Amino acid sequence: MLLQKAQITEQQLKTAQVQVDRMASSLEKSRDLSRLIVHVDMDAFYAAVEMRDCPELKDKPMAVGSMSMLFYSFHIFVRAAMPGFIAKKLCPNLVIVPVNFDKYRAVSNEIREIFADYDPHFQPLSLDEAYLDFTDHVEQRQHWPESSRTHQYCSGRLATGRAPSYKNVNELTEEQDLSPVLFEDSLSSSPSLPGSRDVCDAGAKCEVFGTSVEEAVREMRFRIEQKTMLTASAGIAPNMMLAKVCSDKNKPNGQYRLPSTREAVTDFIQTLPVRKVSGIGKVSEKMLNALDITNCSHLGQQMALLSLLFSETSWHHFMGISLGLGSTHIPRKKKHETFKEMNKTEEQMSLCRELCEELAADLKKEDLKLWKYLPER
DNA sequence: GCGGATCAC
DNA sequence: TATGGTGATCCGC
């Protein structure tokens with residue numbers, strides 16, 4: 001690529017620059033700042049779940065995974081995607097907790113129920129993160145009475161139940177009795193806001209949330225923490241690309257809002273390292289670094305060059321990033337995904353498929369794959 | 001259309 | 001002892 005670069009003439013660069021500028025201004029016209037996109041991400045999900053269910057782990061260096069592969073770790077020398085046996089050499093005291101996907105899935109279903117209250121069409125990316133469109137919720141929320149924005153501290157959880165032991169962590173429905181203070185400021189996010197009340201509903205402690213997006217997102221994170229005893233971080237921005245970057249900004253247990261103005265977006269992009277953008281991985285980063293591009297302002301400055309060196313889809317992608325553009329509407333879930341979220345088991349789903357295939361055969365329309373549409377019927 | 005590379009979790 | 005499993009997209013052939 002550097003050889004190719006050396007052969008590019010001034011003239012080529014100039015004509016490329018004209019094309020790039022024309023494209024940039026046409027993209028600029030299509031910029032949509034009207035949406036409120038939120039990216040939510042649970043903090044160190046697997047490790048946090050295991051620590052919640054086994055508080056003795058809290059004081060020990062721990063990781064989740066196996067001797068072959070670690071998924072999450074809090075340890076300073078030990079990182080996710082590191083083989084466990086190497087981690088053990090670096091940190092002999094490391095406790096490696098085996099993964100328990102069924103449990104993470106169960107917790108995931110709990111948080112998704114909350115997501116659905118803010119955006120029924122939210123898009124899960126994995127068990128612990130999702131994109132939500134808060135635009136409609138925030139608009140409706142303006143007319144909501146305070147009572148609809150009031151949520152209780154789930155103190156009952158702390159008072160009842162018995163101490164979990166390491167052996168019963170598989171019993172998902174069991175009440176836990178220990179508070180999971182995984183992060184210093186975990187439970188002190190906002191003890192008494194102006195207007196918040198100490199009591200409601202038979203003396204239970206409550207918190208009242210405002211009508212802004214920030215307050216709505218804070219409320220959602222509060223509800224997640226009360227329901228699961230786990231914390232989440234969130235990013236609020238006018239599109240998905242930016243929201244994802246923002247959710248990382250105040251992690252753990254925090255949120256960051258990028259205001260919906262062109263100026264705020266372009267300022268934000270200037271100092272953003274290219275590697276932070278979803279879709280730019282190890283290899284792309286290296287290639288860009290070789291062209292002296294490390295952050296997104298360089299990306300914009302070198303766009304003419306990039307348009308000559310990379311494929312069309314690649315440099316169009318870079319172009320979008322350098323202007324702070326991204327998807328402003330979250331793709332609707334496919335019908336069969338909605339069905340899965342209704343907690344249907346695989347057996348139930350395959351039974352439905354069979355039934356549909358029979359039906360389709362009857363109709364002589366086998367190729368329609370009707371099972372996809374079954375949830376509605 | 002398919003396999004390899006890249007990327008994400 | 002030992003370095004994952006899966007799905008998506010893009011690209012070149």
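The structure displayed is predicted, hence computed values, not measured ones. Below, chains carry the letters A, B, ... as their sequence lines are ordered, and counting in each starts from 1.
Closest to the S68(A) side chain, of the nucleotides dG4(C), dC7(B), dC9(B), is dG4(C). The side chain of V283(A) lies closest to dT6(B), out of dA8(B), dT6(B), dG4(C). In this structure, of dG4(C), dA2(C), dC11(C), it is dA2(C) that holds the atom nearest to the side chain of F85(A). Distance from the side chain of S284(A) is smallest to dC7(B) among dA2(C), dC7(B), dG4(C). Listed nucleotides dC11(C), dC9(B), dG4(C) differ in distance to T313(A); the shortest reach to its side chain belongs to dC11(C). Of all nucleotides listed (dG4(C), dC9(B), dC11(C)), dG4(C) comes nearest to the side chain of M69(A).
Residue-level contact check: V99(A) touches neither bases nor backbone, having no heavy atom under 4.0 Å from any strand. Contacts of L127(A) with the nucleic acid, taken as non-hydrogen atoms under 4.0 Å apart, are absent. In this structure, S66(A) reaches neither bases nor backbone, as no heavy-atom distance under 4.0 Å exists between it and the strands shown. Nucleic acid contact for K244(A): sugar-phosphate only, since backbone atoms but no base atoms lie under 4.0 Å from a heavy atom of the residue.
At whole-Å resolution of the value, CD1 in I280(A) and P in dA8(B) are 9 Å apart. We find that NE2 of H316(A) is positioned 13 Å from P of dC10(C), with the value rounded to whole Å. When the C1' atom of dC11(C) is taken as reference, atom CG of L309(A) falls 17 Å away, rounded to whole Å.
Taking a cutoff of 4.0 Å between a charged side-chain nitrogen and a carboxylate oxygen, K282(A) and E285(A) do not qualify as a salt bridge. A salt bridge links K227(A) with E113(A): the closest approach of a Lys/Arg side-chain nitrogen to an acidic carboxylate oxygen falls below 4.0 angstrom. Ion pair R218(A)/E215(A) flagged as a salt bridge, since at least one NZ, NE, NH1 or NH2 atom sits closer than 4.0 Å to an Asp/Glu carboxylate oxygen.
Residue R275(A) has a polar side-chain atom (N or O) positioned under 4.0 Å from OP1 or OP2 of dA8(B).
Between the side chain of N289(A) and the main chain of I293(A), a donor-acceptor pair closer than 3.5 Å is present.
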